[in-house]
Amino acid sequence: MNRFAAAIFGCDGLRLTKEEKRFFAEASPFGFILFARNIDSADQIRALTAELRDSVGWAAPIFIDQEGGRVQRLRAPLATEWLPPLDDVARLGENAPEAMRLRYQITGLELQALGIDGNCAPILDVARPNTHQILRNRCYSSDLQRVIDVGYAVVKGHQDAGVLPVMKHIPGHGLAQLDSHLDLPRISLDRAELDAVDFAAFKPFADLPLGMTAHLVFDRIDPQPATISEKMINLIRQDIGFNGFLMTDDISMEALSGTVADRGSAAIKAGCDAVLHCNGKLAEMQSIYDAVGGMTDAAQTRAERALATRQTPQDVDIDQLRADFEAFLPQS
């Protein structure tokens, strides 16, 4: 297998330009990610995913954020519209794990039908009363064990649908009271409290193939944001025990400072395996590729190991899955 660039890239529009095709062929990124600007019709999405894979010459993973609620790039009629995860888990009560497994199996099958085989979920951040509203209702619960139980179910639903799950935001974003798209959240809790809740949510998932970092500072561990902190990446690897493929959260988010190339270079130097760049700006992608180049040997090994976990979707009746999910809903 060819050496991948240490990057996952977006694209600008509904189809690839000649310049994008040329760049992706040269760079050979590990994969791609789609956003609302890339979404129009089912046929268009299938054509775009085919073009992306053709540009690199292999079945590269194509990711999306299809959490449900506010964060879902595919809307009806292309995909099922869901409540925010926090709301669904709350109303489903003791049935939440099995119902959420069905919910994300349905989501995964809808993605597969469009040529998308990676989803940036589960969210394993533990919700708090002061969790910023950009994140709070995307979480599963404020209870650690509940987050873990639902997280397992979400992973299983994706895997049954043949979709790679990407857990986020490791090592934990639930304490953030700022939106990291715009600002840099700072967490001042001591290590014991973090170990007991936020970091603990990720430990049971240490063997998952893919994870995404959090752009926030843990003041009592390192003044650098976790994504570009060697101390925090070591904590993720050694203390949490995650040895899967570690991508950054979107490197163009304003929680980080400096150029996107500087940010990307710092993330790779800290120990991330790949830089996730989402806005589709070709000049920025070129600068990141120039800065980070190909993956390290360890990152390439983890990338290949993650790809090897891709499963063939189970042959199931999606309408039956929907009926099974609805049977878990409380009767009004």
Subject >> Contact check, side chains of Ile116 and Gln66, non-hydrogen atoms, under 4.5 Å >> reply: no
**OP:** State yes or no: do Ile268 and Leu210 share one hydrophobic cluster built from I, L, V, M, F, W and Y residues joined by side-chain heavy-atom distances below 4.5 Å, directly or via other members?
**Re:** yes
Original post:
Which atom pair, heavy atoms only, marks the closest approach of Met285 to Gly280?
Top reply: CE-O, 3.7 Å
Original post:
Would a hydrophobic clustering, with Ile, Leu, Val, Met, Phe, Trp and Tyr connected at side-chain separations under 4.5 Å, put Trp82 with Val150?
Top reply: yes
Subject >> Within-4.5 Å side-chain heavy-atom neighbours: Arg237 and Leu246 >> reply: yes
Original post:
Under 4.5 Å between any side-chain heavy atoms of Arg91 and Leu83, yes or no?
Top reply: yes
Original post:
If we only count heavy atoms from C-beta on, is the Pro185 to His173 side-chain gap below 4.5 Å?
Top reply: yes
Original post:
Passes salt bridge (Lys or Arg N to Asp or Glu O under 4.0 Å), Asp297 versus Arg3? Steps please.
Top reply: CA-CA 9 Å; Asp297 289 345; Arg3 182 62 59 105; 2.8 Å; yes
Original post:
Can you check whether Asp160 reaches Val316 side chain to side chain, under 4.5 Å on heavy atoms?
Top reply: no
**OP:** Give the C-alpha distance, both sets of side-chain angles, the deciding distance and a yes or no for salt bridge (Lys or Arg N to Asp or Glu O under 4.0 Å) between Asp87 and Arg70.
**Re:** CA-CA 12 Å; Asp87 297 345; Arg70 180 169 37 82; over 6 Å; no
**OP:** Indicate the ring-plane relationship of Trp58 and Phe30, choosing parallel, tilted or perpendicular according to the 30° and 60° boundaries.
**Re:** tilted
**OP:** Work out which heavy atom in Asp190 is nearest to a heavy atom in Arg220; give both atom names and the distance.
**Re:** CB-NH1, 3.2 Å
**OP:** Take Phe218 and Leu235 through the side-chain contact (heavy atoms from CB on, under 4.5 Å) test and state the conclusion after the steps.
**Re:** CA-CA 12 Å; Phe218 294 91; Leu235 182 152; over 6 Å; no
Subject >> Heavy-atom closest contact (Thr248 atom, Ala267 atom, distance) >> reply: CG2-CB, 3.6 Å
Original post:
Going from CD1 on Ile228 to CZ on Arg263, what distance comes out if it is rounded to the nearest 0.5 angstrom?
Top reply: 9.0 Å
Subject >> Gap between atom CG of Asp315 and atom CG of Leu109 - 0.5 Å precision >> reply: 9.5 Å
**OP:** Start with the C-alpha gap between Asp198 and Arg128, add the side-chain angles, then the distance that decides, and say whether salt bridge (Lys or Arg N to Asp or Glu O under 4.0 Å) holds.
**Re:** CA-CA 11 Å; Asp198 297 84; Arg128 302 296 208 287; 2.6 Å; yes
**OP:** Return yes if some donor-acceptor pair links the side-chain N/O of Asn38 with the main-chain N/O of Gly13 below 3.5 Å, else return no.
**Re:** yes
Subject >> Glu19 (side chain) donor-acceptor with Leu282 (main chain) under 3.5 angstrom >> reply: no
**OP:** Give a yes or no on whether Val155 and Ile106 share a hydrophobic cluster (residues Ile, Leu, Val, Met, Phe, Trp, Tyr; joining criterion: side-chain heavy atoms under 4.5 Å apart).
**Re:** no
**OP:** Answer yes if the side chains of Asp222 and Ser229 hold a donor-acceptor pair under 3.5 Å, and no otherwise.
**Re:** yes
Original post:
Got a donor-acceptor contact below 3.5 angstrom from the Ser287 side chain to the Glu284 backbone?
Top reply: yes
Original post:
So, does Glu81 use its side chain to make a donor-acceptor pair with the main chain of Ala76 at under 3.5 Å?
Top reply: yes
Original post:
Heavy-atom distance under 4.5 Å between the side chains of Tyr152 and Pro97, does that happen here?
Top reply: no
**OP:** Please round to the nearest 0.5 Å and tell me the distance separating atom CG of Leu175 and atom CD of Glu193.
**Re:** 8.5 Å
Subject >> Value rounded to 0.5 Å, distance of CG in Leu164 from CG in Leu111 >> reply: 11.5 Å
Original post:
Is the backbone of Gly157 close enough, under 3.5 Å, to the side chain of Arg101 for a donor and an acceptor to pair up by distance?
Top reply: no
Original post:
Quick check: does any side chain N or O of Asp125 sit under 3.5 Å from a backbone N or O of Cys139, one acting as donor and the other as acceptor?
Top reply: no
Original post:
Out of Leu34, Asp250, Val71, which one pairs with Asp65 under the side chain to side chain contact (heavy atoms under 4.5 Å, CB included) rule?
Top reply: Val71
Original post:
Has Glu230 got more than 12 heavy atoms of other residues, nucleotides or ligands less than 6.0 Å from its CD?
Top reply: no
Original post:
Distance-only, no hydrogens or angles: does the Thr213 side chain make a donor-acceptor pair with backbone N or O of Asp249 under 3.5 Å?
Top reply: yes
**OP:** Identify the heavy atoms of Arg46 and Thr49 that sit nearest to each other, and give their distance.
**Re:** O-OG1, 3.0 Å
Subject >> Student check: side-chain heavy atoms of Leu184 and Pro225 closer than 4.5 Å >> reply: yes
Subject >> Residue that, paired with Glu67, satisfies salt bridge (Lys or Arg N to Asp or Glu O under 4.0 Å) out of Arg103, Lys168, Arg73 >> reply: Lys168
Original post:
Would Arg146 and Asp149 count as a salt bridge (Lys or Arg N to Asp or Glu O under 4.0 Å) if you check the C-alpha gap in whole Å, the side-chain angles of each, and the deciding distance to 0.1 Å?
Top reply: CA-CA 5 Å; Arg146 186 84 157 155; Asp149 292 344; over 6 Å; no
Subject >> Distance in Å, Phe24 CZ paired with Tyr289 OH, rounded so as to fall on 0.5 Å steps >> reply: 12.5 Å
Original post:
Are any of the side-chain nitrogens in Asp195 or Arg191 under 4.0 Å away from the carboxylate oxygens of its partner?
Top reply: yes
Subject >> Audit row: Glu26, Gln286, side-chain contact (heavy atoms from CB on, under 4.5 Å) steps and yes/no >> reply: CA-CA 10 Å; Glu26 172 198 355; Gln286 182 70 62; 4.3 Å; yes
Original post:
At their closest point, which heavy atom of Cys11 faces which heavy atom of Leu52, and how far apart are they?
Top reply: SG-CD2, 4.4 Å
Subject >> Under 3.5 Å donor-acceptor, Asp179 side chain and His181 backbone >> reply: yes
Original post:
Donor-acceptor pair, Arg138 side chain versus Gln133 backbone, under 3.5 Å?
Top reply: no
Original post:
When rounded to the nearest 0.5 angstrom, what is the spacing between CE in Met232 and CD1 in Ile221?
Top reply: 4.5 Å
Subject >> Residues Leu194, Ile187; criterion side-chain contact (heavy atoms from CB on, under 4.5 Å); working and verdict >> reply: CA-CA 10 Å; Leu194 293 167; Ile187 308 304; 4.2 Å; yes
Original post:
What's the verdict on side-chain contact (heavy atoms from CB on, under 4.5 Å) for Ile8 and Val275, showing C-alpha distance, side-chain angles and the deciding distance?
Top reply: CA-CA 6 Å; Ile8 296 166; Val275 175; over 6 Å; no
**OP:** Kindly say whether Ile62 contributes a backbone atom to a donor-acceptor pair with the side chain of Asp117 at under 3.5 angstrom?
**Re:** yes
Original post:
Do Thr80 and Glu110 pass the side chain to side chain donor-acceptor pair (under 3.5 Å) test, and can you show the C-alpha distance, the side-chain angles, and the key distance before you say yes or no?
Top reply: CA-CA 8 Å; Thr80 305; Glu110 292 172 338; 2.5 Å; yes
**OP:** Please report the shortest heavy-atom distance between Gly211 and Phe242, naming the atom on each side.
**Re:** N-CZ, 3.5 Å
Original post:
Where do Phe4 and Phe245 land on the ring pair (Phe, Tyr, Trp, His ring centres under 6.0 Å) test, with the steps shown first?
Top reply: CA-CA 13 Å; Phe4 305 125; Phe245 185 83; 8.4 Å; no
Original post:
Between Arg15 and Asp40, is there a side-chain N and carboxylate O pair less than 4.0 Å apart?
Top reply: no
Original post:
Taking side chain as C-beta onward, heavy atoms only, is Cys278 less than 4.5 Å from Phe63?
Top reply: no
**OP:** Check the angle between the aromatic planes of Phe23 and Phe9 and answer parallel, tilted or perpendicular using the 30° and 60° thresholds.
**Re:** tilted
Original post:
Out of curiosity, does Ile236 fall in the hydrophobic cluster containing Phe205 (side-chain heavy atoms, cut-off under 4.5 Å, transitive links)?
Top reply: yes
Original post:
Is the shortest distance from a Lys or Arg side-chain nitrogen in Arg322 or Asp317 to a carboxylate oxygen in the other one below 4.0 Å?
Top reply: no
